[in-house]
There are 2 protein chains.
Amino acid sequence: MQSRSPETPDQASDLFAYAVLLRALNRELNKATLDFAHRQGLHSTDVHALAVIMDPAASADGPVTPTRLREELGLTSGAITACLDRLQRSGHVSRVRDTADRRVVHLAYNPDARALAREYFSPLARATESARSRFTPEQLSTIAAFLRALNAELAAGHEPQP
Amino acid sequence: MQSRSPETPDQASDLFAYAVLLRALNRELNKATLDFAHRQGLHSTDVHALAVIMDPAASADGPVTPTRLREELGLTSGAITACLDRLQRSGHVSRVRDTADRRVVHLAYNPDARALAREYFSPLARATESARSRFTPEQLSTIAAFLRALNAELAAGHEPQP
DNA sequence: CTAGTATCACTCAATCATTGAGATAGTTTA
DNA sequence: TAAACTATCTCAATGATTGAGTGATACTAG
C-alpha cells in the first residue's frame with residue numbers, strides 16, 4: 001500500500017476502493033436511468049424493463065419473455081403483467097406469442113421505441129466515449145476484459161440463489 | 001462494425017460493446033442489490049437509500065441529508081420521509097439534527113447496520129477480488145483510472161439537468 | 001431589529017404500482 | 001386419455017409514492 005496523501009489516486013488500486021468505485025458507477029447509471037424515466041414520464045421499473053428488452057447483452061440467449069423479465073427485475077408475475085401492460089399501452093413494446101410453445105410470450109420493441117432507446121443510451125455512450133479517449137487501445141482492451149470478468153463473476157454469484 | 005464471429009472477444013474494444021458491458025454490469029449490481037433486499041425483508045428503495053448513506057463515496061461531501069437522498073434516489077420528499085421512517089423503525093439509521101442549521105437532518109447509520117453493510121458489500125467484494133486477481137497491479141491501476149474518469153463524466157452529465 | 005423570503009423536513013389524503021393466491025390455456029409425461 | 005407441469009394473466013388487498021400544503025429555522029434588506 002503506497003498511498004501517502006488523501007488525494008493520491010493510486011490508492012484506488014486496492015480492493016476496497018475498487019468496490020467503492022463500482023458502487024459509485026452503479027449509482028451514476030441508476031441516476032441517469034431515473035432522469036430519463038422522469039423526462040419520459042415513465043416509471044423506473046418500466047425503463048429497467050425496456051433496458052432488458054432492448055439491450056443485446058440481455059437478450060443474448062433468446063428473445064426476452066415475461067418470466068425472464070421477472071427474474072431480471074426481481075418482481076412478481078402480477079407486477080410484470082402490469083408493467084408490460086403499461087409499456088404496451090404506451091406503444092413501446094408488443095407481445096408476440098411464440099409459435100412453437102404458445103404459452104410463451106416474446107417481447108418485441110416497436111420501431112418508435114428505437115428513438116427512445118437511442119436517447120436513453122446516448123448519455124452513457126457520450127460519457128463512455130469521453131472516458132475512453134484518454135486510454136490507449138491496449139489499455140481499453142484490458143479494461144474491457146476486466147469488465148467482462150467482473151460481469152461473469154457477478155452473474156455466477158447469483159446462480160446459487162434458490 | 002468489424003465483429004466477425006459472435007464469440008470473438010476483441011469486439012469489446014469498440015464503443016458500442018463498452019456501453020453494453022457497462023449496462024450489463026449495472027444490471028448485475030442491481031440484481032445483487034435486489035437479492036439482498038429480499039433476503040433482508042427490505043424494499044429496494046430502502047436498500048438504495050442505505051447504500052447512499054453508508055457508502056464513503058456518496059458521503060464524500062458532508063453527511064447525507066434527506067434532501068441529498070431525494071436527489072440521489074429521485075423520489076419526492078414524502079417518499080423520503082416514509083423511507084427514513086422505515087429505516088429508523090427497523091433500527092438501521094437515525095436522524096440527527098445539525099447543530100449549526102437546525103432545519104437540517106443528518107443521517108447516521110447505527111452500529112448494527114454495519115453488519116448489514118458488510119453482508120451487502122461482501123458479494124461485490126468477492127466478485128471484484130476474483131476479477132482483480134487476473135490482472136497486474138499496473139493494469140488494475142489503469143482500470144481504476146478508467147472507472148474514476150467514467151464516474152466523473154457521468155456525474156458531469158447530470159449537473160446541467162434543471 | 002424586524003418583516004419578508006427561502007429552505008428544510010414533515011404531514012396526509014389520494015393515487016397507483018406491487019403482492020400473492022388463484023384462474024386459464026397450453027404442453028409434456030405416464 | 002388423465003395427470004402433472006409450465007407460462008402468463010386476473011384481481012382484490014396492501015402499501016409505497018405523489019404532491020400540495022404546514023411548521024420551523026435561517027438568511028437578508030430596510
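Lettering follows sequence order; numbering is per chain, from 1. Bear in mind that the values here come from a model prediction, so they are computed numbers and not experimental data.
Taking atom NE2 of residue B/His48 and atom P of nucleotide D/dA16, one finds them 16 Å apart after rounding to whole Å. Atoms CG (A/Leu84) and C1' (D/dC9) sit 11 Å apart, rounded to a whole Å. In this structure, B/Leu87 places its CG atom 12 Å from P of D/dA16, rounding to the nearest Å. The nearest whole Å value for the distance from the CG atom in B/Asp101 to the P atom in C/dA9 is 9 Å. If you take CG of B/Asp98 and P of C/dT7, they are 17 Å apart, rounded to a whole angstrom. Atom-to-atom, CD of B/Gln88 to C1' of C/dC10 comes out at 13 Å; the value is rounded to the nearest Å. One interatomic measurement links the two molecules: CZ of B/Arg102 to P of D/dA26, which rounds to 7 Å at whole-angstrom precision. Atom pair B/His106:NE2 and C/dC8:P shows a separation of 11 Å (rounding to whole Å applied).
Using a 4.5 Å heavy-atom cutoff, the side chains of A/Leu154 and B/Leu124 are in contact. Counting only heavy atoms from C-beta outward, the side chains of A/Pro66 and A/Thr81 never approach each other to under 4.5 Å.
With a 6.0 Å radius and a threshold of 12 heavy atoms from other residues, nucleotides or ligands, B/Phe16 has its CZ atom at or below the threshold.
Side-chain contact, A/Glu119 with A/Gln40: a donor N or O sits under 3.5 Å from an acceptor N or O.
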Could you encode protein contacts along nucleotides 13-24 of chain C as a string, one character per nucleotide from 5' to 3', using B for base contact, S for sugar-phosphate-only contact and - for no contact, with a heavy-atom cut-off of under 4.0 Å? ----SBBBB---
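Of the side-chain N and O atoms in A/Arg95, one or more sit less than 4.0 angstrom from OP1 or OP2 of D/dC9. In this model, the phosphate group of D/dT6 is not approached by any side-chain N or O of A/Arg103 to a distance below 4.0 Å at OP1 or OP2.
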Test B/Phe146 against B/Tyr18 for ring pair (Phe, Tyr, Trp, His ring centres under 6.0 Å), laying out the working first. CA-CA 12 Å; B/Phe146 174 79; B/Tyr18 247 74; 5.5 Å; yes
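Of the listed residues (B/Asp55, B/Thr33, B/Val93), just one forms a side-chain contact (heavy atoms from CB on, under 4.5 Å) with B/Leu50, and that residue is B/Val93.
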